[in-house]
Visitor: 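Pasting a structure below so you can have a look.
Just so it is clear, the structure is predicted and the values come from calculations on it, not from any experiment. Basis for what follows: all heavy atoms, side chains included, without hydrogens, waters or symmetry-related copies.
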Amino acid sequence: LKTILLTRIGDYLSPLKRLGFWLTKGRKIARVPPEPNVHWWSEEMDGRHAGTSPAVGKTQDPAAILFSGGTTGSPKGIVLSNRNFIAEGMQAAAWGGLVQGDSILATLPIFHGFGLGVCVNAALMAGGKTILVPTFEPAATAKLLREKRPSVLVGVPTLYHALASDPALAQSDLSSLKACFCGADTLPRPVKERFEKLVAERGGRVRLLEGYGLTEAVSAIMAMPRGEYREGSMGIPFPDTAAMLCVPGTTGEAPAGEEGELCVSGPAVMIGYLDDPEATAQALRVHADGRTWLHTGDLARRDADGFFYFVLRLKRIIKSSGFNVYPSQVEEVLYRHPAVAEACVVGVPDPAQIERVKAFVVLKDPAAQSEAMKDELIAYCRTQLIKWSCPREIEFRRQLPKTRIGKVDFRALAAERAV
């Protein structure tokens with residue numbers, strides 16, 4: 001980076017609030033060491049500068065570079081155009097039924113495609129407003145939900161789990177909610193049911209609907225229609241977006257009724273990966289129909305009516321004794337157990353099995369942690385999974401690590417290589 005332009009939160013606060021922020025949080029923030037390429041916004045604005053010509057932007061010009069794990073599993077800069085963001089905003093606003101005067105509670109950070117593309121851009125393009133949440137804390141978010149009364153709520157499963165467990169919301173009026181969407185990770189059915197029950201008891205009539213997206217297409221590219229519900233489905237593509245299933249590793253369409261790699265084509269698909277033509281060529285491929293398709297790296301299936309169902313991320317497979325184990329399937333079973341609040345399944349090295357299946361579990365009642373509970377959970381999995389997919393080991397945690405957008409960070413757990 002040639003120039004880094006920084007601003008401080010205190011620059012935008014009144015003197016009294018600035019002092020309060022410094023006493024509570026500001027003094028804990030590490031100082032930025034002086035560097036020749038670091039410039040402070042407030043100092044630059046106080047100075048005198050020569051005039052400059054207005055910038056000329058074109059539809060296909062890069063608008064932002066967002067970083068993500070990428071369809072190949074390693075972090076990459078995703079270059080997104082003005083057209084990408086405009087299309088995503090219009091699509092998401094239309095799908096969510098956003099109109100002038102509506103508001104979205106933006107629980108996701110705006111350095112992420114979901115937070116920027118949906119929570120901010122879609123709301124503003126519809127003539128609504130976005131209620132920013134600087135740091136996701138369940139209690140603070142629940143308070144905003146009570147006081148600001150947003151009409152739309154979008155987030156990840158951990159958000160809805162936290163809200164459904166908040167005792168204050170059980171006494172609040174939630175009738176303002178008209179649409180709730182969940183993405184970025186698989187939504188466990190118990191979480192969905194608890195949240196919908198809470199809203200229904202407090203005057204609302206919304207279904208928590210799943211969607212699907214990835215930063216390579218800004219954010220959401222498909223979701224369940226508001227008047228429809230299919231168990232476990234992530235919906236159908238947004239307007240002007242096409243989706244198909246390909247035989248993994250090829251550009252050929254998978255036979256009808258079979259699982260395949262989800263590929264999408266539309267106006268929200270990225271320009272490419274920053275300075276990585278090889279990865280770009282792997283993700284963006286021209287098919288026989290002449291269209292450029294984004295290969296997502298996710299395995300999905302489609303029913304007879306065109307509704308898509310997420311199966312697994314192709315890069316998240318455990319190889320145990322030569323068998324493929326899909327962590328999301330094991331986690332889904334664990335979530336059904338009444339004692340389980342959260343679960344994450346990873347593969348850990350094993351001299352005999354190459355990898356063995358290990359589950360990290362957070363119980364609803366921490367006092368229930370015991371060897372007997374571990375045996376009970378493993379036995380429960382064995383009633384619903386083939387033996388190769390069942391956890392060989394359970395480790396209890398008070399909490400699971402999360403990414404910056406609130407998803408369970410399975411990579412962090414896998415990196416521990418716990419034995």
Side-chain angles (χ1 to χ4, degrees), residues 69 71 73 156-158 160-161 182-193 208 210-212 214 222 224 230-235 245 247-248 254 257-262 296-303 307-348 350 353-363 374-397 400 403 407-414 418:
T71 61
V156 296
T158 49
Y160 291 105
H161 170 71
C182 183
D185 210 345
T186 302
L187 175 65
R189 183 172 180 82
V191 174
K192 170 184 168 63
E193 291 176 343
L208 179 52
E210 285 193 77
Y212 169 87
L214 67 172
M222 67 172 64
M224 185 65 64
R230 302 289 175 97
E231 176 72 28
S233 175
M234 54 193 185
L245 300 179
V247 176
E258 292 190 10
E259 297 174 353
E261 181 183 12
L262 179 61
T296 67
D298 289 336
L299 200 66
R301 61 183 178 86
R302 180 176 52 204
D303 66 20
F307 285 78
F308 286 83
Y309 299 77
F310 179 84
V311 177
L312 66 118
R313 290 177 175 84
L314 289 172
K315 291 296 177 181
R316 196 185 172 200
I317 298 176
I318 300 171
K319 285 282 190 178
S320 183
S321 299
F323 290 86
N324 286 345
V325 176
Y326 305 124
S328 61
Q329 294 178 342
V330 186
E331 291 163 359
E332 183 179 352
V333 171
L334 286 168
Y335 268 110
R336 293 189 202 131
H337 193 283
V340 174
E342 288 187 298
C344 183
V345 173
V346 302
V348 295
D350 185 273
Q353 298 174 310
I354 307 303
E355 283 187 300
R356 70 177 183 279
V357 181
K358 178 172 181 175
F360 293 88
V361 173
V362 176
L363 296 178
K374 291 180 181 180
D375 293 340
E376 180 180 330
L377 293 177
I378 292 174
Y380 180 76
C381 289
R382 286 175 178 166
T383 65
Q384 301 179 57
L385 297 167
I386 62 173
K387 68 176 183 177
W388 305 108
S389 294
C390 293
R392 301 292 197 273
E393 183 181 358
I394 302 282
E395 180 177 327
F396 293 125
R397 293 284 179 94
L400 298 180
T403 65
K407 293 195 295 183
V408 175
D409 192 349
F410 68 88
R411 290 187 178 89
L413 291 172

Visitor: Under 4.0 Å between a Lys/Arg side-chain N and an Asp/Glu carboxylate O for E393 and K358?
Guide: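 Yes, E393 and K358 are salt-bridged.
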Visitor: Decide side chain to side chain contact (heavy atoms under 4.5 Å, CB included) for C182 and Y160; before the verdict, give the C-alpha distance in whole Å, the side-chain angles of both, and the deciding distance to 0.1 Å.
Guide: CA-CA 8 Å; C182 183; Y160 291 105; 3.8 Å; yes
Visitor: May I ask you to decide if L208's main-chain N or O and K192's side chain share a donor-acceptor pair within less than 3.5 Å?
Guide: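 Between the backbone of L208 and the side chain of K192 there is a qualifying donor-acceptor contact (under 3.5 Å).
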Visitor: If you look at every heavy atom in S233 and F307, which pair is closest and at what distance?
Guide: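 Between these two residues, the closest heavy atoms are OG-CB, 3.7 Å.
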Visitor: Rounded to the nearest 0.5 Å, what separates atom CD in E210 from atom OH in Y309?
Guide: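 The OH atom of Y309 is 11.0 Å from CD of E210, to the nearest 0.5 Å.
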Visitor: Just how far is it from atom CG of L400 to atom SG of C344, taken to the nearest 0.5 Å?
Guide: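 Answer for the CG-SG pair, L400 versus C344, is 6.5 Å.
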Visitor: Between K374 and E376, does at least one N-O distance fall below 4.0 Å, as a salt bridge requires?
Guide: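 No, no charged N to carboxylate O under 4.0 Å.
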Visitor: Sub-3.5 Å donor-acceptor pair from the side chain of T296 to the main-chain atoms of L262, do we have one?
Guide: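 Yes, the answer is positive, given that a donor and an acceptor are paired below the 3.5 Å cut-off.
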Visitor: I need the L299 CG to E261 CD distance, nearest 0.5 Å.
Guide: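 Nearest 0.5 Å value for the CG-CD distance: 8.5 Å.
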Visitor: Decide yes or no on side chain to side chain contact (heavy atoms under 4.5 Å, CB included) for E342 and V361, but give the supporting numbers first.
Guide: CA-CA 6 Å; E342 288 187 298; V361 173; over 6 Å; no
Visitor: Quick one, P327 and F410 - any side-chain contact, counting heavy atoms below 4.5 Å?
Guide: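 No, their side chains stay 4.5 Å or more apart.
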Visitor: In the structure I gave you, are the side-chain heavy atoms of E259 and R302 within less than 4.5 Å of one another anywhere?
Guide: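 The answer is no; the side chains never approach within 4.5 Å.
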Visitor: At what distance, to the nearest 0.5 angstrom, does CG of D375 lie from CD1 of I394?
Guide: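 One finds 9.5 Å between CG of D375 and CD1 of I394.
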Visitor: Which pair of non-hydrogen atoms, one from P248 and one from G260, has the smallest distance, and what is that distance?
Guide: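 Looking at all heavy atoms of both residues, the shortest contact is CD-CA, 4.5 Å.
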Visitor: Answer yes or no: is there a donor N or O on one side and an acceptor on the other, between the side chain of E355 and the main chain of I318, under 3.5 Å?
Guide: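 Between the backbone of I318 and the side chain of E355 there is no qualifying donor-acceptor contact (under 3.5 Å).
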Visitor: Walk me through whether F310 and R301 qualify under side chain to side chain contact (heavy atoms under 4.5 Å, CB included).
Guide: CA-CA 7 Å; F310 179 84; R301 61 183 178 86; over 6 Å; no
Visitor: The test is side chain to side chain contact (heavy atoms under 4.5 Å, CB included); show your working for V345 and L334 and say whether it passes.
Guide: CA-CA 10 Å; V345 173; L334 286 168; 4.1 Å; yes
Visitor: Less than 6.0 angstrom from the centroid, inside 45 degrees of the normal: does R397 satisfy that with respect to the ring of F360?
Guide: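 No, cation not above the ring by the 6.0 Å, 45° rule.
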Visitor: Measuring from M224:CE to M234:CE, what's the distance to the nearest 0.5 Å?
Guide: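 One gets 10.0 Å once the value is rounded to the nearest 0.5 Å.
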Visitor: Using a 3.5 Å distance criterion without hydrogens, assess whether the side chain of R392 forms a donor-acceptor pair with backbone atoms of C390.
Guide: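 Yes, the answer is positive, given that a donor and an acceptor are paired below the 3.5 Å cut-off.
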Visitor: Where do V325 and W388 come nearest, in terms of heavy atoms and distance?
Guide: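 Answer, listing the atom of V325 first, then W388: CG2-O, 3.3 Å.
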Visitor: Starting at CG of L385, measure out to CD1 of I378 and round the result to the nearest 0.5 Å.
Guide: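 Between L385 CG and I378 CD1, I get 12.0 Å after rounding to 0.5 Å.
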Visitor: For residues R189 and E231, determine if any side-chain heavy atom of one lies less than 4.5 Å from a side-chain heavy atom of the other.
Guide: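 In contact.
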Visitor: Taking all atoms of both residues into account, what is the closest heavy-atom pair of F396 and L377, and its distance?
Guide: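 Heavy-atom minimum between the residues: CE2-CD1, 4.0 Å.
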Visitor: Minimum heavy-atom separation for D303 to R230, with atom names?
Guide: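 Looking at all heavy atoms of both residues, the shortest contact is OD2-NH1, 3.1 Å.
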